[in-house]
Amino acid sequence: VSPPSSEAGAPATGPGRPSRDPRAPVGVFDSGVGGLSVLRHIRKLLPSEHLFYVADSAQVPYGPKGADFVRARALHIAEFLLDQGAKALVVACNAATAAAVATLRERHPWPVVGVEPALKPAAARSSGVVAVLSTELTLGSEKFGNLLGRWGSSVEVLVTPCPGWVALVEQGELKGERARELVQRQLAPLLRQGVDTFVLGCTHYPFLTPVIREVVGPGAAILETGEAVARQLKRRLTAEGLLSPSEELGREAFFTSGDPSAVEAVVRRLWGEGARVEHFA
Ligand code: DGL
């Protein structure tokens, strides 16, 4: 049995196969609305790409769930995006990247770009202690263990799951007393331990950056990965001849496994008023 191939002779597209049309959309997904923090960087860097975004809101949060469950969801969403005609996939979720990126790459010959906590730049800039803020699934993964082994030896690295933060963002509650209280509770002990660099290892957390900044003060660095992911996507699309040649602006389409009107209200707050969210099963 030969693996799926995009080489001459093999059918390049078809049901369940990635599109080879440069005008096809890029699929992006997350457990919920967190991946919009990545999508905004993609939109900025690649204005003419069509971007199809899936929020798996019926299953959010992924963080406390098992890797097998999250991998199954990732494969299901990838098939949906393929059916929508996607040419490439961005896993805009650290937990789903840890659980599923290798499998997603094996399944189909398409560019698959994942996210991982920005430990390398953090280690390069910190003068002592780095904190990685993420979810249980990411922090407990083999992938994160490898990252830590590779970049975590020149600095002290503290890892912290941040319960409740994903729910704040899912509810569009980005400021106010409750948000500040939850962020403060998690970060105060880290500040006492001398952390000077905070790595946002969950794509929901960049939406809480203003509150995090208030709590950690102006001196500490807060690192996210969205821009690096957008650059990597651009490199991969370019290398595969899949970059959109259009001079017109691309459009976005949003899908959710949850309640479309509830999710739409939050997407409008985080993305913009024009956003419309459709249901997918
Ligand atoms: N936004 C996701 C991440 O980057 C996961 C959040 C969650 O569902 O637990 O890890």
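Throughout, residue positions are numbered sequentially from 1 according to the sequence presented. It should be emphasised that the depicted structure is a prediction, and the values quoted were computed from it without experimental measurement. All ligand and atom numbering here is 1-based and tracks the order in the structure.
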> Looking at Glu49 and Lys87, does any basic side-chain N land under 4.0 Å from a carboxylate oxygen?
yes
> State, yes or no, whether a side-chain contact exists between Arg150 and Asn146 at a heavy-atom distance under 4.5 Å.
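With C-beta onward as the side chain, the pair stays apart.
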> How long is the span from the CD1 atom in Ile77 to the OG atom in Ser31, to the nearest 0.5 Å?
9.0 Å
> How close do Ala275 and Arg268 get, heavy atom to heavy atom, and via which atoms?
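Between these two residues, the closest heavy atoms are O-NE, 2.8 Å.
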> Output all residues satisfying ring-ring contact (aromatic ring centres under 6.0 Å, His included) with Tyr205, sequence neighbours left out; order by chain, then residue number.
Trp165
> Mind listing the N or O contacts between ligand 1 and protein, cut-off under 3.5 Å?
unit_1   : atom_1 : unit_2 : atom_2 : d
ligand 1 : 1 (N)  : Asp30  : OD1    : 3.0
ligand 1 : 1 (N)  : Thr203 : OG1    : 2.9
ligand 1 : 1 (N)  : His204 : ND1    : 2.8
ligand 1 : 4 (O)  : Asn94  : N      : 2.8
ligand 1 : 4 (O)  : Asn94  : ND2    : 3.0
ligand 1 : 4 (O)  : Thr203 : N      : 2.8
ligand 1 : 4 (O)  : Thr203 : OG1    : 3.3
ligand 1 : 8 (O)  : Ser31  : OG     : 2.6
ligand 1 : 8 (O)  : Tyr62  : N      : 2.6
ligand 1 : 9 (O)  : Tyr62  : N      : 3.3
ligand 1 : 9 (O)  : Gly63  : N      : 2.7
ligand 1 : 10 (O) : Asn94  : N      : 3.3
ligand 1 : 10 (O) : Ala95  : N      : 3.1

> Counting the benzene-type ring for Trp, do Phe255 and Phe80 have ring centres under 6.0 Å apart?
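Distance test on ring centres: under 6.0 Å, yes.
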